[in-house]
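The structure appears below as structure tokens.
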Protein chains: 2
Amino acid sequence: MSTVSTEPAVSPAELRARLIEQAARILGEEGPSALSARRLATAAGTSTMAVYTHFGSMAGVVDEVATEGFRRLIDHVDAVGTSDDPLADLRRMAGGYRDNALENRHLFGVMFGAISLGGFHGRGADPEVSLAAFDQIVSGIERAMAAGVLREGDARAVAAQFWSALHGYVMLELAGMDRVVDDSERTVLWPMLAHLLEALAPAPR
Amino acid sequence: MSTVSTEPAVSPAELRARLIEQAARILGEEGPSALSARRLATAAGTSTMAVYTHFGSMAGVVDEVATEGFRRLIDHVDAVGTSDDPLADLRRMAGGYRDNALENRHLFGVMFGAISLGGFHGRGADPEVSLAAFDQIVSGIERAMAAGVLREGDARAVAAQFWSALHGYVMLELAGMDRVVDDSERTVLWPMLAHLLEALAPAPR
DNA sequence: TGAGGTCGATAACGCTGTTATCGATCGACC
DNA sequence: GGTCGATCGATAACAGCGTTATCGACCTCA
């Protein structure tokens, strides 16, 4: 028998990807407190040093995971597709946004919670990726304007309003604040978005 | 000279209050990563054990600080007072909410960020206090309904919509997302709230 | 075949949250 | 008035944390 290792001998790039993947998994399954350098390294089958050669610090890991979270959000929202009813598309985008947040609550927290306790919080996700997520909403608004169901105007500003309202509802829901109002999905989220879009509708002539 | 100590000999209740006060101060001045049991104990002039006898764990401290944050928010919003223009009052409440968040961003993060990294997050603030904060908004909405500038309806549901939109804008601003839209206070926050209230206005007869 | 450089495994630093132990101090009750 | 009981906090220890220095192994290119 030779001394040749029978192990796969992963490349640095593979290892890096595996670290991000495992970090996202641990975060999602066990929450923020379970994500440590040693734990992450073991899960990825390597040593803690690999974490530091690839990401510099745990904050670097978090930034990378946050970016990954935005990529998944984009995919999730993209999956709802488009129809010939741009307002319905916006509603379905909102639903996708919310579903993604509820299914990946810890990941969502990292994406937006520069605010973190006891924690490493780095500089946040790659702006290019988080901007792409915002651009999805902008596109949705633009389609609605082009179709004449929303008043023409600054699509980015309108998209930011839509996003703020949606995001706020989701954040409050994640924080458990939805308990202050019963059945809030039916009496808060959808009416709120409907009101916003209604006020942005073209003036009746 | 007797052996009587010249120290103040603080009571347990005083010490507890001092711990909460110092925890809020450290968090506000130096951020989440500076808040440790030893650091907190030293700042309050005691030992780490005091933290555990009074709060059980650091998570307990965080819950208490979050509750304190809601109390300060309530005071801040209360300070705007009321006028005979309920809609203007709502706008000023929103301004107070936002100002409070920007001035105490770490505290704000703890209040709503059950989401925390590497962290202790406990069960959140005392529901009674956070509910009181929500009730401020409900009262504002009720006054507007009573004055006939908002359509009569479920004030709690409407308040939740108002809160969601406001909260979402503030959270995105704290996360640095306001950079995706220029001058967002003027083109996002106020127009968004105006649109929401406009859609909730009584139907013209 | 050799040289250079990248990458990760090992071990150590000071710090963290948390707990066991124990002494002091204060109030109640006989 | 004196003693008993309980509450509270100071000390010291534990395992685990992020991070770093060291160093050996490997892969690439000449």
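Here is how names work: the chains are called A, B, and so on, in the same order as the sequence lines, proteins then strands, and each is numbered from 1.
Residue A:Tyr52 contributes atom OH, which lies 18 Å from atom P of D:dT22 at whole-angstrom precision. Rounded to an integer number of Å, the gap from CG of A:Leu15 to P of D:dC26 is 16 Å. Put simply, CZ on A:Arg18 is 13 Å from C1' on C:dG8, counting in whole angstrom units. Here the P atom of nucleotide C:dC15 and the CG atom of B:Leu40 are 17 Å apart, to the nearest Å. In this structure, A:Leu35 places its CG atom 11 Å from P of D:dC17, rounding to the nearest Å. Across the protein-nucleic acid pair, A:Leu19 atom CG and C:dC7 atom P stand 13 Å apart, rounded to whole Å. Rounded to a whole Å, the CZ atom of B:Arg39 is 13 Å from the P atom of C:dC15. Between the CZ atom of A:Phe55 and the C1' atom of C:dC7 there is a distance of 14 Å, rounded to whole Å.
Below 30°, between 30° and 60°, or above 60°: for B:Trp163 and B:Tyr97 the angle between ring planes is above 60°, a perpendicular geometry.
Put simply, B:Thr53 has no side-chain N or O that comes within less than 4.0 Å of OP1 or OP2 on D:dC8. A:Ser57 has no side-chain polar atom (N or O) that falls below the 4.0 Å cut-off from OP1 or OP2 of D:dG18.
The side-chain contact (heavy atoms from CB on, under 4.5 Å) test with A:Leu27 singles out one residue from A:Arg105, A:His106, A:Gln22, and that residue is A:His106.
Between the side chain of A:Thr67 and the main chain of A:Asp126, a donor-acceptor pair closer than 3.5 Å is present. One N or O on the side chain of B:His195 and one on the backbone of B:Pro191 form a donor-acceptor pair closer than 3.5 Å. Under the 3.5 Å distance criterion, the side-chain polar atoms of A:Asp85 are matched with a main-chain donor or acceptor of A:Ala88. A distance-only check finds a donor-acceptor pair linking the side chain of A:Asp154 to the backbone of A:Ala157 [under 3.5 Å].
With 3.5 Å as the limit, one finds no donor-acceptor pair spanning the side chains of B:Ser184 and B:Asp178.
For A:Ala37, the side-chain atoms get nearest to D:dT19 when compared with the rest of D:dT19, C:dG8, D:dG9.
The nearest heavy atom of DNA chain D to A:Ala34 and to A:Gly56 marks one nucleotide each, and the one closer to the 5' end goes with A:Ala34.
D:dC29 is paired with C:dG2 under the criterion used here, namely a Watson-Crick or G-U wobble arrangement in which both key atom distances are under 3.5 Å.
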Which protein N or O atoms sit under 3.5 Å from an N or O of nucleotides 12-16 of chain D?
unit_1	atom_1	unit_2	atom_2	d
D:dA13	N6	B:Arg38	NH2	3.2

